[in-house]
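Everything below concerns the one structure shown next.
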Amino acid sequence: IRIDHLDLDWGDRFWYQRLLTLRINTYAPYVGAGIRIDHLNLDQGLCVVSMGLNTLNKNIVGTQFGGSLYSMVDPFYMIMLMHQLGSSYVVWDKSSHIEFIAPGNSKVTARLKIPSNEITTIQELAKDGEPVFREYQADIVDDQQKIIATVTKTLYIRLRKYSKSKDQNSRIENLDG
């Protein structure tokens, strides 16, 4: 997901993010669930994702299926952190929790944001080579802005040179293949 090392000007960065959005929006599990990226800005650490209610993502009682609600949030904090931290860091999902608050009877939306000071905080915490665990929370709201679920994710972050998984690379870093 990193584009910082590609030395792209603003226009190229724009098209790279458009291509990444297209690639994720055509990812088969997302297509099947009706999940769609509405806005992605990796540089600002912002992602807005939505999912309409349809026959493929309704549960047994006709509301949004919980697994699809979770899926719509799942990869984005990791993607945004990988981009913002760059290749010197390893980022993994550590744990997740979803709390269902109300039935989802309409289109739902989640706004995921990495706070502007978060990268500096992570870099400071990780500088001695120890793992860093950071928690992020995203509310999933219906078309009336009522919270229907809250997803909490804990991510593992570590300087690559200290990580046992230092050979980990992004599968979508090279969008050509």
Side-chain angles (χ1 to χ4, degrees), residues 1-6 8 13-53 57 64-101 104 107-123 126 132-143 145 147-158 165 168-175:
I1 299 298
R2 299 182 327 270
I3 61 174
D4 56 321
H5 69 287
L6 295 178
L8 300 174
R13 292 171 80 86
F14 170 81
W15 286 111
Y16 179 90
Q17 288 186 97
R18 292 287 302 241
L19 183 57
L20 177 61
T21 299
L22 175 66
R23 202 128 173 220
I24 293 172
N25 281 342
T26 57
Y27 179 53
Y30 272 31
V31 171
I35 298 168
R36 179 162 189 77
I37 297 174
D38 298 320
H39 180 79
L40 178 65
N41 187 320
L42 295 173
D43 294 330
Q44 293 182 0
L46 176 64
C47 181
V48 179
V49 145
S50 64
M51 178 175 64
L53 182 62
N57 62 20
Q64 292 280 7
F65 175 64
S68 295
L69 290 170
Y70 173 73
S71 290
M72 69 184 284
V73 172
D74 180 37
F76 296 108
Y77 284 114
M78 184 174 170
I79 288 170
M80 291 186 293
L81 285 174
M82 288 174 70
H83 167 73
Q84 289 193 350
L85 288 166
S87 61
S88 296
Y89 292 83
V90 171
V91 181
W92 288 101
D93 284 328
K94 173 74 173 151
S95 65
S96 299
H97 172 78
I98 185 166
E99 181 180 354
F100 301 105
I101 297 167
K107 179 180 178 179
V108 294
T109 304
R111 184 180 187 277
L112 296 85
K113 177 76 174 133
I114 302 289
S116 59
N117 62 341
E118 181 69 356
I119 300 306
T120 303
T121 300
I122 291 170
Q123 290 168 333
V132 174
F133 298 95
R134 301 297 285 174
E135 191 171 278
Y136 303 95
Q137 193 170 43
D139 291 328
I140 301 173
V141 301
D142 66 12
D143 58 4
Q145 299 306 303
I147 297 174
I148 64 157
T150 299
V151 176
T152 304
K153 296 190 58 86
T154 302
L155 277 76
Y156 161 96
I157 305 145
R158 194 170 196 179
S165 58
Q168 168 221 355
N169 290 306
S170 170
R171 289 181 53 211
I172 56 176
E173 185 172 286
N174 179 0
L175 293 177

* **Residue pair Y70, V151: steps toward the side chain to side chain contact (heavy atoms under 4.5 Å, CB included) verdict** => CA-CA 7 Å; Y70 173 73; V151 176; 4.0 Å; yes
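- Taking 4.5 Å as the limit, some side-chain heavy atom of I114 sits within range of a side-chain heavy atom of Q84.
- Residues Y136 and L81 meet the side-chain proximity criterion, which asks for heavy atoms closer than 4.5 Å.
- Between M80 and C47 there is a side-chain heavy-atom pair separated by less than 4.5 Å.
- In the model, Y30 has no side-chain atom that pairs as donor or acceptor with a side-chain atom of S71 under 3.5 Å.
- Residues L69 and M51 meet the side-chain proximity criterion, which asks for heavy atoms closer than 4.5 Å.
- Within the structure, salt bridge (Lys or Arg N to Asp or Glu O under 4.0 Å) pairs that include any residue of residues 71-93 comprise D74-K153, D93-K153 (at least two apart or interchain).
- Under the 4.5 Å side-chain criterion, counting only non-hydrogen atoms from C-beta, L46 is not in contact with L112.
- In this structure a side-chain-to-backbone donor-acceptor pair under 3.5 Å is present from K113 to Q44.
- Within the 4.5 Å cutoff, the side chain of I140 has no heavy atoms near those of the T150 side chain.
- A donor-acceptor pair is defined here as one N or O able to donate and one able to accept, closer than 3.5 Å; such a pair exists between the side chain of N57 and the backbone of G52.
- One finds the CZ atom of F76 at 14.5 Å from the CZ atom of R111 (value rounded to the nearest 0.5 Å).
- Rounding to the nearest 0.5 angstrom, the gap separating the CZ atom in R158 from the CG atom in L85 is 14.5 Å.
- Of the possible polar contacts, one joining the Q17 side chain to the L42 backbone as a donor-acceptor pair under 3.5 Å is found.
- Screening residues 76-85 for salt bridge (Lys or Arg N to Asp or Glu O under 4.0 Å), with sequence neighbours left out, gives no hits.
- With sequence neighbours excluded, the residues forming a side-chain hydrogen bond (donor to acceptor under 3.5 Å, both in side chains) with D143 are S106, listed by chain and number.
- Between E118 and T120, the closest side-chain pair of non-hydrogen atoms is not below 4.5 Å.
- Heavy-atom neighbours of R134 CZ from other residues, nucleotides or ligands within 6.0 Å: above the threshold of 12.
- The CD atom of Q145 sits 7.0 Å away from atom OG1 of T109, with the distance rounded to the nearest 0.5 Å.
- Remark: F65 CZ is loosely packed, at most 12 non-hydrogen atoms of other residues, nucleotides or ligands lying under 6.0 Å away.
- Here the CD1 atom belonging to I35 is positioned 6.5 Å from the CE atom belonging to M72, to the nearest 0.5 angstrom.
- The CD atom of Q137 sits 10.5 Å away from atom OG1 of T154, with the distance rounded to the nearest 0.5 Å.
- Taking the side chain as every heavy atom from C-beta outward, Y89 and Q123 approach each other to under 4.5 Å.
- Looking at every heavy atom in both residues, V73 comes nearest to A110 through CG2-CB, 3.9 Å.
- The shortest non-hydrogen separation linking S50 to D38 is OG-OD2, 2.7 Å.
- Rounding to the nearest 0.5 Å gives a distance of 4.0 Å between CD1 of I24 and CD1 of I37.
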